[in-house]
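Following: one structure in structure tokens, then a few remarks.
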Amino acid sequence: MKIKKLYLENFRIFRGKHRFNLHEKKFIIIHGPNGHGKSTIFDAITWVLTGKFPRYQGSNETRNFNYIINFNEYLLENSKTEVEIELSNEDKPIRIKRVLQVGESEKIFINSEEYGKKIGDAKIKDILSDYDIDEENEIDLANLFSSTQLLSQDTLQDFVRSDKPVDRFKKMERILGLKKYGEDFKKYLGDIKKSLDQELVSLQNQLKDLDNENKVLLAKVDERNSMYNKLGNITEEDLVGRTNILLADIDNYNLLHSYNLPKCIKSISPKISEDLANFLKETKIEVEGLENQRSILSDLAHNLITVDQYKSTNTQNFQKRKNFERKISKRKEGIQLCEFKEGKLKQIRSLRLEMIEIKRSLSVLLRQVDKNNVFLNNLLDHKEIKEVKNNFKSASDFLKKYKDKRNEIEILNIVWLFKNNLLKITELNNEIIKLNFDLNNYKFEEKEIESNLLSLSEELSALRTEYEGRKKIQINQIVYKIQDLILNDNEAKQCLVCGFPSDENRNTLEKGIKDQIELVNQKININEKRTLNLVNEIEKLKEKQMEIKQKSKENLAKSNESLNKVHALKLENEKISIDINEQKLANENVQDLKERIEENEKFFKKYQLAYDLLQEYILKKSENDDYNKKAINKEKELEQVKNSIGKRWSKYVDREESYLENKYLQLKNYKLNALESIVELEKEMVMLEMEFQNYEKQWINQETYVKLLKGNREDFKLTHSYVQESLKSLTNQLDKFYNLERNLDFSLLQITKFLDKNNFEEILNRKLKNEQDILELKRKLTSSNQLLEVITEFIKNHQKIHSQLIGEYLLKHSQNINKFFRQLSPHAIYKYVQLITRDNELYMVLSEGKFDYSSKMVENVLNMSKEQIKEKINASLSFSAAQSTILALCVFLSLNLSQSWTKLDLIGIDDPFQNLDDVNIYSFVDLIKEVIYNKNKQVILSTHSEEFSQLLQTKIRLNAEQTLMINIMSYNKDKVDIECKSGEYQFLGN
């Protein structure tokens with residue numbers, strides 16, 4: 001049974017409708033980046049077949065959040081999701097669809113027929129399972145499916161790395177379908193043990209109750225025995241005689257008729273015992289009432305208040321209260337008056353401080369006025385001021401003339417500046433003309449230098465060209481002649497280089513060549529010297545050219561600076577001409593200006609000090625006037641402050657501070673004394689009130705007692721003598737009743753003993769039966785404890801046998817796991833892995849060599865403590881994350897290939913390797929190929945690695961119809977972008 005088609009609608013990341021055609025596909029590769037929906041396809045297959053997400057089990061997400069319907073669809077009204085899978089079958093295809101809509105229960109459709117969740121899940125189990133399922137053969141479909149069919153990224157890795165061997169054992173037990181022989185049977189035995197425990201508790205409680213009851217009966221027996229020993233043996237005749245005497249005493253009190261008691265009896269019966277007991281009870285009540293009356297009379301005898309005493313005491317208390325209230329009121333009025341006076345004294349003190357501050361300010365002002373008057377008089381006596389008085393009509397006339405002169409000299413200075421600016425403009429214009437002339441000369445000189453530079457450069461270039469050519473020609477001539485000489489050595493008569501006869505020594509030829517070369521070098525040296533001279537001349541001309549350019553630049557800068565100055569001076573003169581009449585500016589002569597300015601400066605020099613002194617005089621005079629005004633205001637303010645306190649208190653304003661302090665202390669002491677007096681008076685008043693309340697309470701109680709006594713004694717009188725007589729009479733009556741009570745108690749005790757003989761025998765019989773029941777319960781407890789020990793031992797043996805059975809079953813898995821593990825990525829040290837069970841715990845044990853099950857290797861492991869297994873040979877602690885993933889994959893493949901619970905021929909592996917360097921990837925591909933070819937499995941594998949997906953396509957050599965590549969390119973909130981072979985995937989819209 002394999003997957004033919006898969007249909008998703010709004011399932012998790014897949015928004016809209018998506019259809020995948022997997023018919024005849026033996027190998028399906030799902031490729032895409034992490035987080036793009038590869039695992040969602042595995043989730044869809046798991047959910048449609050099992051209704052669960054094993055990787056979310058145990059988390060709060062399943063309860064608190066929507067984790068099935070696409071998030072963006074979930075926000076819409078009436079959103080739903082559905083997944084449909086079509087499975088190939090021998091008879092006909094089977095279509096299973098699971099639908100979940102918000103607000104509705106989950107629905108399941110099998111071949112278009114609708115079922116509820118419970119019945120639908122049972123039908124799916126029946127379709128997938130390879131054997132009949134009933135209540136006794138129940139399977140955990142979701143757990144089996146996730147453990148043997150589709151491997152998620154974390155399910156079996158947690159299985160390998162789990163630190164809880166008990167959980168791992170239970171998981172393997174459910175995977176192997178042995179739950180009913182293990183966990184279920186263990187639960188059955190546990191229920192039996194629980195029932196026995198409950199029975200033991202019940203028996204222990206019954207025994208405890210019987211023991212308690214037996215103790216009570218034993219106490220009653222002891223009590224009866226003690227009573228009989230005290231009373232001795234007494235006959236019924238004696239009891240009748242004593243009882244008749246008692247009845248006669250009662251008759252003396254005229255009480256027989258009131259309580260329906262007989263005058264005499266002939267035998268002892270329960271009725272007479274009951275009547276006498278009731279009479280005793282009523283007698284005690286009567287005695288209690290008489291005792292209350294005696295207590296009341298005794299209290300009255302000691303604390304009797306007559307009506308006259310009560311009225312007199314009330315009148316006295318009222319007068320005392322009025323006196324206290326009057327005294328308290330007078331003292332409170334005195335305190336109020338003190339507080340008023342204290343307030344006035346505080347106000348006076350405050351005003352005194354204010355007045356002191358005003359007087360101080362007034363004194364400062366008056367001293368300043370006197371000081372200024374002295375200063376002003378000294379100024380008027382100054383010789384400069386006197387000279388002004390002699391030369392001018394008045395001070396104001398002098399000041400006016402001084403200001404006019406100052407205005408005049410300001411205008412003259414401006415005109416002088418205008419004239420001076422004109423002279424500067426003329427000078428600057430002449431300077432600019434000279435600079436421009438020099439600049440033109442520099443330009444001409446620069447052009448001349450450039451012409452010379454050009455001429456010298458051309459000469460230098462020609463010289464270098466000639467030098468190179470001549471050098472080359474000379475060298476070539478020497479070479480040609482030497483070559484010709486060598487070629488025609490036999491026929492040559494003279495050397496072509498030096499002209500010597502050819503029969504001379506070869507040394508002569510060599511010397512001639514050297515001389516020729518020397519000659520060439522001399523000519524070359526002459527040319528080089530000339531070249532060097534030209535270069536030097538060019539450099540000097542360039543330096544001069546740079547110098548002229550620098551001077552031209554400086555002249556140009558100076559010229560621009562002068563032009564800017566001219567412009568500024570003209571602008572300044574324009575502003576002057578706006579303020580002063582142009583005609584006046586034109587008419588003024590420079591010499592006249594100079595004379596007039598000097599004349600004014602002489603005037604200022606002569607009268608400058610006098611002018612300054614007069615200005616100081618005016619300023620000080622104005623300041624003195626302000627001081628005088630402020631002093632007058634302060635005097636007015638001082639008078640207002642003094643009058644604000646009132647005429648009666650104004651006299652205290654000028655008193656000494658010590659006088660005011662004494663007054664204040666006197667008021668304070670009076671107030672304190674008054675307050676203390678009030679407190680004492682209030683205390684006395686409270687004591688008086690308490691005495692009066694107690695007296696009133698005593699009077700009320702007395703009235704209550706009188707009413708009570710009058711109810712019992714109509715002739716009761718509220719006098720000391722009558723109260724004393726009544727108390728004496730009541731005491732005698734009580735003594736008689738006390739004597740009657742004692743006789744009744746004794747008689748009732750004897751009668752009870754006589755009548756209690758039969759009841760005593762009944763108590764003894766009950767005690768005997770209780771002791772027999774206790775012995776029977778102890779026997780049952782012993783039997784139950786023995787049975788509980790048997791059951792407990794049976795549970796221990798069952799755990800051991802069940803662990804051994806599962807351990808033996810796992811031997812074949814260990815062979816496959818070791819084979820796969822060594823093939824994919826062996827551990828550096830540990831080459832073999834063995835699944836070993838012990839006490840319903842499953843360990844993944846590592847070893848360097850192959851397990852020898854006939855030896856004591858396994859036994860040695862089983863004899864280790866849990867801590868030793870964890871520390872030394874536990875795969876969950878010894879493996880890296882990558883090795884744990886590979887080991888999980890090996891366990892999964894072994895379980896898948898050996899399982900027999902389902903008809904499905906399917907293996908799903910979700911992105912097994914995050915890092916391809918951690919695994920022998922080619923061995924893994926060979927392993928997948930073997931599963932597809934030899935085991936006839938449909939393999940679905942997802943990966944985030946494009947390199948791995950391409951390798952899988954290349955190495956798994958299936959034809960195109962048997963392989964499918966699903967590329968998840970990208971996704972957003974609207975859709976998932978998938979690339980797939982045409983016709984194998986369809987997006988059907990939203």
Side-chain angles (χ1 to χ4, degrees), residues 2-8 11-46 55 70 83 85 149-155 157 824 882 885-886 888-889 892-893 906-932 937-972 974-987:
K2 297 181 175 66
I3 300 174
K4 290 183 66 177
K5 293 180 181 177
L6 181 65
Y7 172 84
L8 285 70
F11 182 79
R12 293 174 64 76
I13 199 173
F14 287 87
R15 192 177 190 184
K17 301 171 183 177
H18 305 261
R19 178 177 293 155
F20 298 91
N21 183 12
L22 310 182
H23 184 50
E24 299 296 333
K25 299 295 184 288
K26 291 186 176 182
F27 188 43
I28 299 100
I29 305 170
I30 305 171
H31 169 256
N34 289 328
H36 276 56
K38 302 188 299 297
S39 299
T40 303
I41 295 176
F42 288 84
D43 289 339
I45 297 171
T46 305
R55 68 185 177 122
N70 177 271
V83 177
I85 192 168
Q149 301 301 307
L150 295 182
L151 175 65
S152 67
Q153 294 176 2
D154 48 10
T155 301
Q157 184 177 351
L824 294 180
T885 302
I886 295 166
L889 181 62
F892 170 75
L893 289 173
L906 175 68
I907 294 180
I909 306 174
D910 183 17
D911 206 356
F913 310 118
Q914 290 299 311
N915 190 347
L916 296 180
D917 294 335
D918 294 330
V919 66
N920 188 335
I921 201 67
Y922 289 96
S923 296
F924 176 74
V925 174
D926 291 337
L927 181 59
I928 295 297
K929 187 193 296 184
E930 180 184 351
V931 170
I932 295 171
K937 295 281 187 178
Q938 184 183 39
V939 177
I940 305 174
L941 190 146
S942 72
T943 178
H944 67 283
S945 171
E946 185 176 358
E947 178 186 355
F948 185 34
S949 65
Q950 291 174 354
L951 179 64
L952 287 168
Q953 290 182 84
T954 304
K955 295 288 286 182
I956 307 293
R957 295 176 181 174
L958 295 170
N959 57 50
E961 289 73 21
Q962 294 177 317
T963 305
L964 177 63
M965 167 67 80
I966 300 172
N967 272 318
I968 303 176
M969 307 302 292
S970 63
Y971 82 95
N972 53 44
D974 295 320
K975 68 172 185 175
V976 180
D977 186 12
I978 297 176
E979 283 187 0
C980 196
K981 193 186 301 180
S982 177
E984 309 298 349
Y985 164 76
Q986 288 180 291
F987 175 63

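Both backbone and side-chain heavy atoms feed into the values below; hydrogens, waters and symmetry mates do not.
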Query raised in the report: Taking side chain as C-beta onward, heavy atoms only, is Leu927 less than 4.5 Å from Leu893?
Result: yes
**Report entry** Expected output: side-chain Gln962 to main-chain Phe27 donor-acceptor under 3.5 Å
**Finding:** no
Report task. Output yes when a side-chain donor or acceptor of Asn967 lies under 3.5 Å from a complementary backbone atom of Met969, and no otherwise. Result -> no
**Report entry** Check: Asp911 main-chain N/O paired with Ser942 side-chain donor or acceptor under 3.5 Å
**Finding:** yes
Requested in this report: Please examine the side chains of Phe20 and Ile966, heavy atoms only from C-beta on, and report whether any two atoms are closer than 4.5 Å.
Outcome: yes
Query - Validation row: Val939, Leu906 side chains within 4.5 angstrom (heavy atoms) - result: no
Report task. Measure the shortest side-chain to side-chain distance between Val925 and Leu951 over non-hydrogen atoms and say whether it is less than 4.5 angstrom. Result -> yes
Report task. Without swapping roles, check the side chain of Asn70 against the backbone of Arg12 for a donor-acceptor pair under 3.5 Å. Result -> yes
Report task. Calculate, to the nearest 0.5 Å, the distance between atoms CD and CG belonging to Glu984 and Leu22 respectively. Result -> 8.5 Å
Query raised in the report: In terms of ring plane angle, is the pair His18 and Phe987 parallel, tilted or perpendicular, where the classes change at 30° and 60°?
Result: tilted
Query raised in the report: Does Glu961 offer a backbone N or O that forms a donor-acceptor pair with the side chain of Lys26 under 3.5 Å?
Result: no
Query raised in the report: Less than 4.5 Å apart, any side-chain heavy atom of Ile29 and any of Phe948?
Result: no
Query - Distance (rounded to the nearest 0.5 Å) between Ile28 CD1 and Leu964 CG - result: 6.5 Å
Requested in this report: Decide yes or no on side chain to side chain contact (heavy atoms under 4.5 Å, CB included) for Asp977 and Tyr971, but give the supporting numbers first.
Outcome: CA-CA 6 Å; Asp977 186 12; Tyr971 82 95; over 6 Å; no
Report task. Can you establish whether the number of heavy atoms outside Lys981 located under 6.0 Å from its atom NZ is more than 12? Result -> yes
Query raised in the report: Would you say the side chain of Thr963 lies within less than 4.5 Å of the side chain of Ile956, judging by non-hydrogen atoms?
Result: no
Query raised in the report: Would you say the side chain of Met965 lies within less than 4.5 Å of the side chain of His31, judging by non-hydrogen atoms?
Result: yes
Query raised in the report: Can you tell me if Asn972 uses its side chain to pair, donor with acceptor, with the backbone of Lys975 under 3.5 Å?
Result: yes
Query raised in the report: Looking only at atom types and distance, does a side-chain atom of Lys25 sit under 3.5 Å from a main-chain N or O of Ile940, one as donor and one as acceptor?
Result: no
Query raised in the report: Is the closest side-chain heavy-atom distance between Phe924 and Leu941 below 4.5 Å?
Result: yes
Query raised in the report: Among side-chain atoms of Ser39 and Asp910, is any donor-acceptor pair under 3.5 angstrom?
Result: yes
Query raised in the report: Under the 3.5 angstrom rule, does the side chain of Lys38 hit a backbone N or O of Gly32 as a donor-acceptor pair?
Result: yes
